[in-house]
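Okay, so here's the structure we're looking at.
Below, read A as the first sequence line, B as the second, and so on, with proteins coming before strands; counting in each chain starts at 1. Because the structure is a prediction, the values reported are computed rather than measured.
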Amino acid sequence: MSLTRIYKELKRDLNDIEKGIEEAVASDHPTLHQAGYELIKAGGKRIRPILVLLSSRYGKKDDPAVKKAAITLELIHTASLVHDDVIDNAELRRGKPTVKAKWNNRTAMYAGDYLFAKAIDIMADIQNPYANQVVAKAMREMSIGEIEQIKDQFNYRQNLRQYLLRIKRKTALLMAISCELGAIASGASRSIGRKLYYFGYFMGMSYQITDDILDFVGTEKQLGKPAGSDLKQGNITLPTLMAFRHSDIKAAVKRTLDMDNPSAQDFDGVINLIKQSDAIEVSQEISTQYLKKAYNILNDLPDHSSTRSFREIADYIGIRKY
Amino acid sequence: MTINEVLLDIKKKLIHTIEHPYLGKYLNQPYIDEDKLLAFYLLFKENSSYKEMNDYVIVMMLVQIALDTHDKVTNEKLIDQGSIKERQLTVLGGDYYSALYYFILTNIPDLKMTKQIAGAIQEINEYKMAFFANDHIQWSTLLHQLGRIESALVTKIASHLGFSDWAEVMFDYFLLKRLSFERHAVNSGSDHPFSFFHHLDILNKKPNTPKVTLQKIDYHFQEIKLRLEQTLKDSPLFAAFLKHCSLKSIFENDGRVFYDQRLAEEG
């Protein structure tokens, strides 16, 4: 299972969006230009533009606002990654040096700010205040979510609700509004827009939980970063929270997180404990539940080529391995 | 209400807007440039067609605070967990203030103004990149870049509101203010996170001696000050600004050492 058919179907529109993104990262300053260009050429599945394009097909064809919305969301996603790499002090992203590693933190900050501003600039071209409000609200929520993530680092007392709210803000929200914006920009009904929002939301939740599981079970090659990075950085994700139902594992994780300078071996020990418990399986089940909710929304949408494509995307998320 | 009371009221609302319990626990309250607050207030007041004038002033200040916050993210390698957390929250704080400005503007809603601001932010970041990428320091280039970094938001909004003639004045004033700050930073030998010259020296690994830097700053300071004094005679709006701005004393009493609010607030 892959998204090849959908990429093929959307090829022409995705090419236009790619060109739009390239134009958007153009800058008078060579380093800003190069950093932006390398970021967008580093790959990425372009999930958000795909969601916008598919959602737009419930409305009228070829409204230029649709592509602008797609470009905006991809730029916001890219800008937030550049800043995330400063926060995480990350050297590699998708196997390539990050902006902060290749240049420095300042360059990463200014490149990220430049891209955020570019995104807002393009979005403001869409003369639809509600669409802009949707993006602005999501950006505010995303930044609050990022702050909450730092607040919850090394906090083994956090609960499932905190985790779910955090991944909603971190990932699911941008996917949700990608679906909603496609509908809004193409003039589809508000009711379709809301349904698509929830489809994107449930799918985004499942996607992030899978990401958090893969951080434990994936290889460095598959992940493009060392396995177990989340826990090593103090980020308590769903597998760890589920493993906490076993008091001995919770005590072991707590001991490691409380150490002044825990070694890689210390972490490998608790990561193995989590992997050998039922935590991965239980997390997988929660991810599947979210995906089921996403499928239920699709059952409520008109029988349409995009509904079928969304089903394929949900299938892909359900089985993805990296 | 007097102008000072109005400005104080806006400042209180601004402080309330940027309040975040967790950020507040680890970061100092962001520096609020009261001269920029004054400039934006006078511009919107003079234009008089914006009903939510105070909201607009708050939006502009949020943008400035977001930009200033990210200037504090340094390149040095950190080991201490407290410093690492402070840096992480500095990145996120800037993003949060930035998201707030867009959120408020879209609720007004004013998409034209949104575009103006987004354009100014792009320009400022391009100038910041250019400033720090200077391998061979030419003072005229540096000063131009610094002036644009400090004033691009005000000048862009001034033009949008129909006061293009303010562009040069604001460029000079905020460059002068920046130089006054840099002078204090160099003079006190501090590695203040806001000091652009300090970071520039680190990046170039061939610092000017403080004496040379001070001499150059003083020379340009006097030059810009003279230019502004000439402007004063022809611009009633600038005269109104000067009555309340933080550098007013240097225009009243030549040679007097002025107090730099920014350094005092940042400690």
If you count heavy atoms of other groups shown closer than 6.0 angstrom to [atom1] of [X], is the number above 12?
X        : atom1 : value
A:Lys41  : NZ    : yes
B:Glu168 : CD    : no
A:Arg194 : CZ    : yes
B:Lys115 : NZ    : yes

>> For A:Thr31 and B:Phe132: C-alpha separation, side-chain torsions, deciding distance, then whether side-chain contact (heavy atoms from CB on, under 4.5 Å) applies.
In response: CA-CA 11 Å; A:Thr31 309; B:Phe132 287 109; over 6 Å; no
Of the backbone (N, CA, C, O) and the side chain (C-beta and beyond), which part of [X] lies under 4.5 Å from a heavy atom of chain A, both, or neither?
X        : value
B:Lys25  : neither
B:Phe103 : both
B:Tyr26  : neither

About how many Å separate [atom2] of [Y] and [atom1] of [X], when rounded to the nearest 0.5 Å?
X        : Y        : atom1 : atom2 : value
A:Tyr110 : B:Phe131 : OH    : CZ    : 9.5 Å
A:Leu115 : B:Ile121 : CG    : CD1   : 12.5 Å
A:Lys151 : B:Leu89  : NZ    : CG    : 11.5 Å
B:Arg87  : A:Asn105 : CZ    : CG    : 4.5 Å
A:Met109 : B:Thr74  : CE    : OG1   : 11.0 Å
B:Tyr96  : A:Ile144 : OH    : CD1   : 5.0 Å

>> So which residue, B:Thr114, B:Leu111, B:Asn107, ends up with the most heavy-atom pairs under 4.5 Å with chain A?
In response: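 Looking at each option in turn, the highest pair count goes to B:Leu111.
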> Which one of B:His70, B:Gln122, B:His20 has the most heavy-atom pairs closer than 4.5 Å to chain A?
Replying inline: B:Gln122
> So, does B:Glu126 use its side chain to make a donor-acceptor pair with the main chain of A:Asp28 at under 3.5 Å?
Replying inline: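 Yes; judged by distance alone, with no hydrogens or angles, the pair exists.
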> Is the backbone of B:Asn125 close enough, under 3.5 Å, to the side chain of A:Asp113 for a donor and an acceptor to pair up by distance?
Replying inline: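 Looks like no, no N/O pair under 3.5 Å.
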>> Please identify which of these residues, B:Leu92, B:Val91, B:Val73, meets the side chain to side chain contact (heavy atoms under 4.5 Å, CB included) condition with A:His83.
In response: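 So the option named by the test is B:Val91.
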>> How close do B:Thr106 and A:Ala136 get, counting heavy atoms only, and between which atoms?
In response: OG1-CB, 3.4 Å
>> For A:Gln153 and B:Gln88: C-alpha separation, side-chain torsions, deciding distance, then whether side-chain contact (heavy atoms from CB on, under 4.5 Å) applies.
In response: CA-CA 12 Å; A:Gln153 261 181 338; B:Gln88 291 173 322; 3.9 Å; yes
> Looking only at heavy atoms, which of residues 121-135 of chain A get nearer than 4.5 Å to chain B?
Replying inline: A:Asp121, A:Met123, A:Ala124, A:Asp125, A:Ile126, A:Gln127, A:Asn128, A:Pro129, A:Asn132, A:Gln133, A:Val135
>> Are there residues of residues 258-266 of chain A whose heavy atoms fall under 4.5 Å of chain B's heavy atoms? If so, which?
In response: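 Residues qualifying by a heavy atom under 4.5 Å from chain B are absent, so none.
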>> I want to check a possible cation-pi pair here: A:Arg140 against B:Tyr102, using under 6.0 Å from ring centre and within 45° of the ring axis as the test.
In response: no
